[in-house]
Amino acid sequence: MNKCVSIKKLLSCKLLSFLLCCLLVSVIFSCNKSSGVISLDEHKLFSLKYGNFEDQLNLFSLAKPSPVRTSFTMRDGFFYIANGEAQKLMELNSYGDLLSIYYNGEGNPTPSFADATDAEIVSSTRKAVEYPFNSLGAIAADSRKYIYVVDQLPPERHEQDVENRLLLSQIVLRFASDGTFIDYIGQRGPGGMPFPYIKNIYTTHNNELVVICQVNDGMVVYWFDTTGYLRSTIPFKVDQLPNVLDEETTNEVYLSLENIVPSYTDKKLFVKVDYYTSSIDEASNVESGIDYTSSLLFPLDINTGVYGEPLTIPPYEQEVTDGFSHLVYNLSYDFLGVTDSGWLFFIIADDSGYSIQMVQENGDKVLRRHLDLDHRTALYHSLSLSPEGIISMLLVEEEEVKVLWWRTDSLIDAILKG
């Protein structure tokens, strides 16, 4: 009897040891899996408070079910915020010091340094410029510290594009580095016809302005020279994009024009197209859904209008485990931007922040990194990619607004030198 009990105890101990080993292996495997992609070091630069004063942000509209009209960019270590809710622009350095404010006097108090004497203005590095903004959108800056910001004309100056069923209401304002208002840019240049909805604006190495507009059947790109005069207008209709899957499958193929970003150094556009195919139910032989297939990035020479060889963008693999089943779904990254050294950045949200994929323009190298972010505390954010490859974020939380960045530029430099 005692011998039997001893055997049972021995078996129980072995079983317990086996289960503990399995648990340990499982933990090690899951840790290795989660740490397979290195997280980038986050640097909090400064924070801003909520309010109506010159060094505060008005984001009180977050309490209402309405779109947030605040955008953000970083250039050469300076941060530019278009606070649409307050109808003002802010320029700050990396310590959070307010250098310039451009504000609509009807909705903002006069900045404390706006009434300084001439002697004080000469010795001060801060500027206060009053301008009657209406409804601000995307913002950009060039190497001269010129500021470009999307605004909307008053309703009585809106125009209609009847043929294409478009409302033409937006313009791009230009301010010189000393705060002087230069002019506004329309479709044909200074003072021209307003744009349809502007998805984003960019500046290039040569201080040229590129405006990306969203229209009903695709996008339209307007490329302006340094003086603001139109160089090129390039329409992109979805039904005219390269369909590389048409000859590879008998299923229906659907194309999505996800984003267009200009090259920083060349007269070239990068056009990201996502491809989807219909899935057929074998039993009924009818279409049962649409599946993501692949993403291609096409370089387009704006001088010749000719597409170059496309670059395949590896998908993001989302793993789903339910009981004993384990599935992997391929998802498309969003196209974030391109650096001056030709690295292409792609981003997608995941459970613990954002997955970043960096692809060399020739496709030779692909790097994957992670931005750790708690989505539960983030009320809103705006991302910016600098020409050097620094990812910056304006992160809106309940108590304050943080400005963060991740130095991927040092990673790129190390690879280029290596």
Side-chain angles (χ1 to χ4, degrees), residues 30-50 55-57 59 62 68 70-83 90-99 139-141 261 316-318 331 333-341 343-360 365-418:
S30 62
C31 289
N32 286 340
K33 184 177 177 182
S34 64
S35 62
V37 177
I38 300 171
S39 292
L40 294 167
D41 292 332
E42 173 193 301
H43 300 276
K44 179 185 174 183
L45 301 179
F46 58 89
S47 61
L48 299 170
K49 298 297 183 183
Y50 297 113
D55 58 350
Q56 298 176 330
L57 285 180
L59 286 169
L62 288 177
V68 180
T70 291
S71 58
F72 162 83
T73 193
M74 189 276 283
R75 180 69 184 263
D76 298 329
F78 295 94
F79 297 85
Y80 303 87
I81 302 172
N83 186 192
M90 303 168 67
E91 178 192 2
L92 307 103
N93 62 19
S94 59
Y95 299 101
D97 300 322
L98 181 66
L99 304 179
I139 188 170
V261 177
Y316 173 75
E317 296 182 346
Q318 183 180 48
L331 301 176
Y333 282 92
D334 291 334
F335 187 17
L336 180 61
V338 60
T339 69
D340 54 10
S341 57
W343 282 85
L344 306 156
F345 277 61
F346 302 87
I347 187 170
I348 190 171
D350 59 28
D351 292 339
S352 57
Y354 288 91
S355 291
I356 302 292
Q357 182 168 250
M358 295 171 275
V359 184
Q360 260 188 324
K365 289 185 174 61
V366 177
L367 302 177
R368 292 183 178 88
R369 293 295 185 270
H370 192 266
L371 305 186
D372 297 333
L373 182 69
D374 188 350
H375 293 292
R376 296 170 299 178
T377 62
L379 303 178
Y380 170 77
H381 71 271
S382 179
L383 278 168
S384 172
L385 177 69
S386 76
E388 301 82 14
I390 302 173
I391 300 174
S392 304
M393 177 184 289
L394 183 77
L395 177 61
V396 178
E397 296 183 331
E398 186 174 349
E399 298 296 329
E400 62 181 3
V401 180
K402 298 176 182 176
V403 173
L404 316 168
W405 74 14
W406 294 264
R407 296 294 303 266
T408 56
D409 57 328
S410 55
L411 176 64
I412 291 173
D413 287 342
I415 293 173
L416 293 176
K417 292 175 182 177

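Residues: numbered from 1 along the sequence shown.
Between L59 and N83, some side-chain heavy-atom pair lies under the 4.5 Å cut-off. Taking 4.5 Å as the limit, some side-chain heavy atom of L411 sits within range of a side-chain heavy atom of R369. At least one side-chain heavy atom of L48 sits under 4.5 Å from a side-chain heavy atom of L92. At least one side-chain heavy atom of H370 sits less than 4.5 Å from a side-chain heavy atom of D350. Residues Y380 and V401 form no side-chain contact, since every pair of their non-hydrogen atoms from C-beta on lies 4.5 Å or further apart.
Across T73 and A141, no two heavy atoms sit closer than the pair CG2-N, 4.5 Å. A pairwise comparison of heavy atoms in F79 and N93 identifies CD1-O, 3.9 Å as the closest pair. Minimum interatomic distance between M393 and W406 (heavy atoms only, all atoms of both residues): CB-CZ3, 3.7 Å. Residue S355 comes nearest to Y333 through the heavy atom pair O-CE2, 3.8 Å, listed as atom of the first residue, atom of the second, then distance.
For the salt bridge (charged side-chain N to carboxylate O under 4.0 Å, His left out) test, residues two or more places apart in sequence or in another chain that qualify with D374 are R376. Under the rule for a side-chain hydrogen bond (donor to acceptor under 3.5 Å, both in side chains), Q360 has no partner lying at least two apart in sequence or in another chain. E317 is linked by a side-chain contact (heavy atoms from CB on, under 4.5 Å) to V328, N330, counting only residues two or more places apart in sequence or in another chain. By the side-chain hydrogen bond (donor to acceptor under 3.5 Å, both in side chains) test, S71 pairs with no residue at all, sequence neighbours left out. By the ring-ring contact (aromatic ring centres under 6.0 Å, His included) test, F346 pairs with F335, sequence neighbours left out. Scored by the side-chain hydrogen bond (donor to acceptor under 3.5 Å, both in side chains) test, T377 finds E397 as partners (sequence neighbours excluded). Evaluation of the side-chain hydrogen bond (donor to acceptor under 3.5 Å, both in side chains) rule for R75 yields T203, Y264 as partners, not counting sequence neighbours. Residues passing the side-chain contact (heavy atoms from CB on, under 4.5 Å) test with A349 are Y354, H375, sequence neighbours excluded. Scanning for side-chain contact (heavy atoms from CB on, under 4.5 Å) contacts around S341 gives T339, W343, I412, L416, with sequence neighbours left out. A search for side-chain contact (heavy atoms from CB on, under 4.5 Å) contacts involving E91 returns F78, Y80, L99, S100, K127, K145, not counting sequence neighbours.
Between the side chain of S94 and the backbone N or O of G77 there is no donor-acceptor pair closer than 3.5 Å.
In summary, of the residues considered (L383, L395, I139, L394), a side chain to side chain contact (heavy atoms under 4.5 Å, CB included) with F72 occurs for L394 alone.
Note that the CG atom of L379 and the CD atom of E399 stand 10.0 Å from one another [nearest 0.5 Å]. Here the straight-line distance linking atom CG of L57 with atom CE of M90 works out to 5.0 Å at 0.5 Å rounding. Separation of atoms OG (S384) and CE (M74) is listed at 6.5 Å; rounding is to 0.5 Å. Note: D76 CG to I390 CD1 = 9.5 Å, rounded to the nearest 0.5 Å. To the nearest 0.5 angstrom, L371 atom CG is 5.0 Å from I391 atom CD1. Note that CG of D413 is 9.5 Å distant from CD of E388, once rounded to the nearest 0.5 Å.
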Could you tabulate the donor-acceptor pairs under 3.5 Å formed by side-chain atoms of residues 38-45, not counting sequence neighbours?
{"unit_1": "S39", "atom_1": "OG", "unit_2": "D372", "atom_2": "OD1", "d": "3.1"}
{"unit_1": "S39", "atom_1": "OG", "unit_2": "D372", "atom_2": "OD2", "d": "3.2"}
{"unit_1": "K44", "atom_1": "NZ", "unit_2": "E400", "atom_2": "OE2", "d": "3.3"}

